[in-house]
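The basis for the numbers below is simple: all heavy atoms, side chains too, and nothing from hydrogens, waters or symmetry mates. All values reported here derive from a predicted model rather than from experimental measurement.
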Amino acid sequence: MPELPEVETVRRDVSRLFVGRKLQRLVVTGRRTVRRHAPELFVRIERQELTNVGRHGKYLCLEWSDGQVLVAHLGMSGQLLVATAGDPTVAHTHAVISFDGGRELRFVDPRTFGELFLADVRAGSRRDEALPERLAELGHLGPDAAGAEPAYLEVVLAGRRAPLKSLLVDQRVLAGIGNIYADEICSEAGLRPDRAGGSLGHDEVVSLAQSARSVLAAAIAARGSTLGDQQYRDLLGNAGRYQLQHKVYGRLAMPCVSCGRSIERLRWGARSAFWCPGCQR
DNA sequence: ACAAATACCTGTAAGC
DNA sequence: TGCTTACAGGTATTTG
């Protein structure tokens, strides 16, 4: 499942391989992948040059020479893959972005939770402004989780009764954290995932912010997590390596690498979390 | 304002 | 073996 570190890995590769290239054509074959507007709208970015690739949370933002922004969200099973024109098309390919020079970016997504859309760039906005301020569709997102600040978290967690993990995966609180990294961040911070958000003391909030930053930075350095289902692959089809450093996620009944106790799974409502009863309180 | 539940979707795995 | 069911979960929307 692509979360912030996986999307950041994709961002860096798209930037490296395609910035400076002109988009020739964007062909949509999956209706659900483009559901916010008519697929024909993409003619607006034909012949535009890719000038920058941004990211906020799990949203990837391809910025073009005339100021338009193409937004991609990979959902649960979405992949962006590099191909050469004429390569065989894999199943569940819903869109193909062709660039000059013959290379393509293909949007492949079996579960179709991902999407692609041309953003509504706010009138008068400048390119040096943050993406949520520039793009109406991203305005609801909280700060990017890779730069989590203790002072901000202290304010947004105050008085909240919801479990800490539920708040961490809430994109309005922090943008970019999903199921895997929420568990790993709680583990790193030594906090039970079912603690009420508002029950954290000052030092615990500081630890949480620091853990968010360090876990996400380490995961980016390892090019993300590729689980057994192989759903996340980078642009060239390579797996990430951060799953080798997971301390709790997916490790049910396995010994904690710190204290040796068995990793457990907590459930509330439709959510669950892996955690270590010896290290987290 | 907040919290919880639900719909969306399909490949995989478990159970009978 | 073949069928049914449960599960995975990010986001938008609805309900309480």
Assess whether a salt bridge exists between A/Glu46 and A/Lys22, defined as any Lys/Arg side-chain N lying under 4.0 Å from an Asp/Glu carboxylate O.
no

Assign each of A/Arg36 and A/Met1 the nucleotide of DNA chain C bearing its closest heavy atom; nearer the 5' end lies the nucleotide of A/Met1

Mind checking who shares a hydrophobic cluster with A/Tyr59, ILVMFWY linked at side-chain heavy-atom distances under 4.5 Å?
A/Val69, A/Val71, A/Phe117, A/Val121, A/Leu131, A/Leu135, A/Leu138, A/Leu141

Under a 3.5 Å distance rule, please check whether A/Glu184 uses its side chain to pair with a backbone N or O of A/Val215 as donor and acceptor.
no

For C/dG9 and A/Tyr249 - does any side-chain N or O of the residue sit under 4.0 Å from the phosphate oxygens OP1/OP2?
yes

Give a yes-or-no answer on whether the side chains of A/Thr33 and A/Glu115 include a donor-acceptor pair shorter than 3.5 Å.
no

How about CZ on A/Arg25, more than 12 heavy atoms from neighbouring residues, nucleotides or ligands closer than 6.0 Å, or not?
no

Using atom types as modelled and distance alone, determine if a side-chain donor or acceptor of A/Trp64 lies under 3.5 Å from a backbone N or O of A/Leu62.
yes

Got a list of side-chain donor-acceptor pairs under 3.5 Å for residues 256-265 of chain A, not counting sequence neighbours?
from	atom 1	to	atom 2	distance (Å)
A/Arg265	NE	A/Ser272	OG	3.0
A/Arg265	NH2	A/Ser272	OG	3.1

Strictly under 3.5 Å: I want the nitrogen or oxygen pairs between protein and nucleotides 6-13 of chain B, one per line.
from	atom 1	to	atom 2	distance (Å)
B/dG11	OP1	A/His92	NE2	2.8

Sort me out a list of protein N/O and nucleotides 14-16 of chain C N/O pairs below 3.5 Å, or just none if empty.
none

Atom-to-atom span, CH2 of A/Trp268 to C1' of B/dA5 - whole angstrom:
15 Å

How long is the line joining CG of A/Leu116 and P of C/dT11, in whole Å?
15 Å

Aromatic ring proximity, centroids under 6.0 angstrom, A/His73 and A/Phe107
no

Salt bridge flag under 4.0 Å for residues A/Glu6 and A/Arg11:
no

Residues within residues 151-184 of chain A bordering DNA chain C, heavy-atom distance below 4.0 Å:
A/Gln171, A/Gly178, A/Asn179

Nearest-angstrom distance from the residue atom CD of A/Glu3 to P of C/dT11:
9 Å

note: A/Leu74, atom CG; C/dG9, atom P; distance rounded to Å ~ 17 Å

So A/Glu3 and A/Lys58, salt bridge (Lys or Arg N to Asp or Glu O under 4.0 Å) or not? Walk me through it.
CA-CA 6 Å; A/Glu3 302 180 25; A/Lys58 305 171 195 171; 5.7 Å; no

Assign the ring pair A/Tyr181 / A/His246 to parallel, tilted or perpendicular, where the plane angle (0 to 90°) is split at 30° and 60°.
perpendicular

Five-pair end axes of the helix from B/dC2-C/dG16 to B/dC16-C/dG2 and the angle they enclose, rounded to 10°
60°

Using heavy atoms to find the nearest nucleotide of DNA chain C for A/Arg265 and A/Glu115 separately, return the residue whose nucleotide is more 5′.
A/Arg265

Separation of A/Arg35 atom CZ from C/dT13 atom C1', in whole Å?
13 Å

Any base atoms under 4.0 Å from A/Phe117, or only sugar-phosphate, or nothing? Heavy atoms, all strands.
nothing

Before you tell me yes or no, could you show the steps for A/Arg55 and A/Glu8 under salt bridge (Lys or Arg N to Asp or Glu O under 4.0 Å), namely the whole-Å CA-CA distance, both residues' side-chain angles and the distance that decides it to 0.1 Å?
CA-CA 7 Å; A/Arg55 180 193 59 75; A/Glu8 175 62 17; 2.7 Å; yes

Euclidean distance, atom CG of residue A/Leu227 to atom C1' of C/dG10 [Å, nearest integer]
15 Å

If you round to the nearest 0.5 Å, how far is CD of A/Glu188 from CG of A/Asp183?
13.5 Å

Rounding to an integer number of Å, can you tell me how far A/Arg267 CZ sits from C/dC7 C1'?
9 Å

I need the NE2-P distance between A/His73 and C/dG9, as an integer number of Å.
15 Å

A/Asp100/A/Arg47 salt bridge by N-O under 4.0 Å criterion
no

